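Have a look at the structure below, then the notes.
Heavy atoms only: backbone and side chains are in, while hydrogens, waters and symmetry mates are out. All figures in this text were calculated on a predicted structure; none of them were measured in a lab. A, B, ... follow the sequence lines: proteins, then strands. Residue 1 opens every chain.
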Amino acid sequence: MAIIPKKTPMREQPPKERIKNFNEVPLGYTPEEAINEAKRCLQCKKPPCVKGCPVEIDIPGFIEKIREGNFKEAIRILKDKNSLPAICGRVCPQEDQCEKECVLGKKYEPVGIGRLERFAADWEAEQGIMEIPKIEKSTGKKVAVVGSGPAGLTCASELAKMGHEVVIFEALHKPGGVLVYGIPEFRLPKIIVEREVNYIKALGVKIICNFVVGKTKTVDELLEEFDAVFVGTGAGLPWFMNIPGENYTGIYSANEYLIRVNLMKAYLFPEYDTPIVRGKNVAVIGGGNVAMDAARTALRLGAEKSMIIYRRSKNEMPARIEEIERAEEEGVIFHFLTLPVRYYADENGKVKEMECIRMELGEPDHSGRRKPIPIPNSNFKIPVDTVVVAIGQSPNPLIPQTTKGIEVGKHGNIIIDEKTGKTTKKGVFAGGDIATGAATVILAMGAGKVAARAIDEYIKTGIW
Amino acid sequence: MAKILKKEILAPNIKKIIVEAPEVAKKAQPGQFVILRIDEKGERIPLTIGDFDREKGTLTIVFQEVGKSTYHLGLLNEGDEILDFVGPLGKPSEIEKFGTVCCIGGGVGTPEIYPVARALKEVGNYVISIIGARNKELVIMEKEMREVSDELYITTDDGTYGMKGFVTDALKKILDSGKKIDRVIAVGPVMMMKAVSELTKNYNIKTIVSLNAMMLDGTGMCGICRVEIGGETKFACVDGPEFDGHLVNYDLLMARLRTYLEEEKLSLKLFKEKMGIQ
Ligand SMILES: Cc1cc2nc3c(=O)[nH]c(=O)nc-3n(C[C@H](O)[C@H](O)[C@H](O)COP(=O)(O)OP(=O)(O)OC[C@H]3O[C@@H](n4cnc5c(N)ncnc54)[C@H](O)[C@@H]3O)c2cc1C
Ligand code: SF4
Ligand code: FES
């Protein structure tokens, strides 16, 4: 059978339409499209794609079931290794993981593994049935999970299945971590996150929101009530550049900008109470996924110009290629090799202009990317009324600051044993962005799963 | 969810509620705050903890109706529930024996300074308190403040009660009478805290102010609450809310507080129309 060189295309909202709404951009496969795409898979005997998957999903296995039209079995295979397939199918960087390794990718486009994963998960949701897996007999042991991002949710669901009593403590008013407050609706509809959270609740996990561990109760106090604690508090501390004028109004951290829009639904102001500045000339500083999300959000809020300001060139951008392409299609303007150096404000203290300097690429630095160097006397100004600083974030410092005995690395990340998630404090485990620094959903989930296994062993044996 | 157990009107547009929140009450300390959200479409707003009762598991919050959310809060009745209620947040006030301290409360800053004054008194400080309001009607918590103060001064802008003038006039009078004050703690409108800080700088008295920056998460995640202290950026929700009054960039704070002025006006107007409030 001849190989079809390209992925089965997925219908999506046209760029001109979609920048006027917050609805999801790609619309998903129909069963026929999914089956066609599944047919492209060669069913390799030693599938390299599985090696590229951080949670080792049986990829040819689930694709084969889609090809046969047995979607129910396909989702079962997926869920065997990945409890959040509807989310991962949408936000995983497949081009760096499974699809990067796919043999088809050597000559043609790889199999659309992510698209097929999404299809199977959405199909299940459409059936309106939620299959609850077998839950082991109650062990009488209790585990506290701090933070309800992908790391915490995964750890909690694994432990619940093992028969332990699990309580998740979340600082915000809604569970989901970055999935609800960071990643925009048009990439990950919040209803999907809600569905996954309900699934985890159906496993018997109790979720307590509005509870800041370290403030409402400390980790040590939790250890009096629980047999173990898992810390999955993420990388929530935003970085700023510390340049003059950065505190003028109209200058946001990406976290603030995205929390307003995603968690607080500021795009629906005044129906919802939380406002946001609807800038006309928006500059987003940074080149990662977070920056792309902010720039695309700005367009949807009515920006005439939404600009990405990035100090290196396009090749070095850490954002997913797909996200960069979508941003380009939607009309985001890219200023590469450009670094902001100061801001100017009007008489009310509101930002009105940004001074930048041009950069050139020098020798590769420790990350292997060519280091940007400022070109002297190349300063120029750009008029702006909104700036979003999306240059990264560090691990949340609250838990290490309020808990004795949890050691952190030089970037504030909690030090763990990677094979078990054990921290330097007895009974306390950690994983996800709090341990690695800002990374990915799937890695956070993987860490949650690894820790769940080690927690199970620890609370059953008492051996640290 | 946090249930409102008691509600009291202290003055026109100033209300006090006692809320059932046992876990927050257990940990609350003077100077800290909570963040609440009234309903599903509500915004998250920070409010300073006025008082707490660890045994009963309750918190007292006094607020002034200024924007939509506080007006809405003021319409809730005993028995109603607040959807989201999280705390205690921020660093507690420094409570130590300093000697003679002057606690200044302006407007709804008075209920906020009250637990601080009480704690300072309990550890053996000589407490001089000054409370200021626009007029007699708006003077609140006089009785409570008197109980925890060795001396109490009241000022009103229009002279309808106590001394005519601002809290700074009273403070200056006390200082000029030769009294030695070791520390000033001022809570109230930004302009007031700025004026107090300017005055005490001349006298070289350490002054602590509590900054009412805008907040969202209250846990150091968003950076909206950033303030400049001695030229350095700090997050008021986790590094504060109390800071050295002599180092605060008040103009920046005021500008940042004005970010959503238009939106806040619109929101309040629509709410008042909907509820039929004048
Ligand atoms: C805008 C944006 C876009 C992204 N896009 C992608 C993408 O496309 N693909 C991808 O794979 N990854 C993406 N990421 C990264 C990914 O979301 C994170 O790596 C992942 O969510 C980390 O999971 P986590 O569970 O470790 O932490 P988080 O998701 O950060 O969750 C931590 C949770 O802990 C809570 N918490 C913190 N402190 C406390 C405390 N003291 N007490 C109680 N609760 C607490 C927080 O409120 C939060 O809910 C993106 C990130 C952002 C910000
Ligand atoms: S590598 Fe590609 S072709 Fe081979 S099994 Fe995996 S998805 Fe199918
Ligand atoms: S309120 Fe968000 S960081 Fe302080």
- [ ] Please state whether the side chain, the backbone, both or neither of B/Phe85 comes within less than 4.5 Å of a heavy atom of chain A.
- [x] backbone
Open item on the list: Using heavy-atom distances under 4.5 Å, tell me whether A/Leu172 contacts chain B through its side chain, its backbone, both, or neither.
Closed with: both
Open item on the list: Is it the case that atom CE in B/Met191 sees more than 12 heavy atoms from other parts of the structure closer than 6.0 Å?
Closed with: no
Could you show, one pair per line, the donor-acceptor contacts under 3.5 Å between chain B and chain A?
residue, atom, partner, partner atom, Å
B/Lys27, NZ, A/Glu221, OE1, 2.5
B/Lys27, NZ, A/Glu221, OE2, 3.2
B/Glu40, OE2, A/Lys174, NZ, 3.4
B/Lys41, O, A/Asp273, N, 2.9
B/Lys41, NZ, A/Glu271, OE2, 2.6
B/Arg44, NH1, A/His173, ND1, 2.8
B/Lys68, NZ, A/Asp273, OD1, 2.8
B/Asp84, OD1, A/Asn210, ND2, 2.8
B/Gly87, O, A/Thr216, OG1, 3.0
B/Gly90, O, A/Lys215, NZ, 3.0
B/Met221, O, A/Asn255, ND2, 2.7
B/Cys222, O, A/Ser253, OG, 2.5
B/Arg226, NE, A/Asn247, OD1, 2.7
B/Arg226, NH2, A/Glu246, O, 2.8
B/Arg226, NH2, A/Ile251, O, 2.9
B/Glu228, OE2, A/Asn247, ND2, 3.0
B/Thr233, OG1, A/Asn247, ND2, 3.0
B/Arg256, NH1, A/Asn247, O, 2.8
B/Tyr260, OH, A/Tyr252, OH, 2.6
B/Tyr260, OH, A/Arg260, NE, 3.4

- [ ] Let me know if B/Ile224 has heavy atoms under 4.5 Å from chain A in its side chain, its backbone, both or neither.
- [x] both
In a table with atom names and distances, give each donor-acceptor pair under 3.5 Å that connects a side chain of residues 208-216 of chain B to protein atoms at least two apart or in another chain.
none

TODO: Compare every heavy atom of B/Ala255 with every heavy atom of A/Gly349, then report the nearest pair and how far apart it is.
DONE: CA-CB, 4.5 Å
Open item on the list: At a heavy-atom distance under 4.5 Å, which candidate from B/Leu252, B/Leu270, B/Val24, B/Leu83 has the highest pair count against chain A?
Closed with: B/Leu252
Task: Per-residue contact mode, A/Val389 against chain B (heavy atom under 4.5 angstrom) - done: neither
Open item on the list: Heavy-atom pairs under 4.5 Å with chain A - which of B/Pro88, B/Gly218, B/Gly67, B/Gly223 has more of them than the others?
Closed with: B/Pro88
- [ ] Give the minimum heavy-atom separation between B/Gly220 and A/Pro238, together with the two atoms involved.
- [x] O-CD, 3.6 Å
Task: Toward chain B, the part of A/Ile251 with a non-hydrogen atom under 4.5 Å - done: both
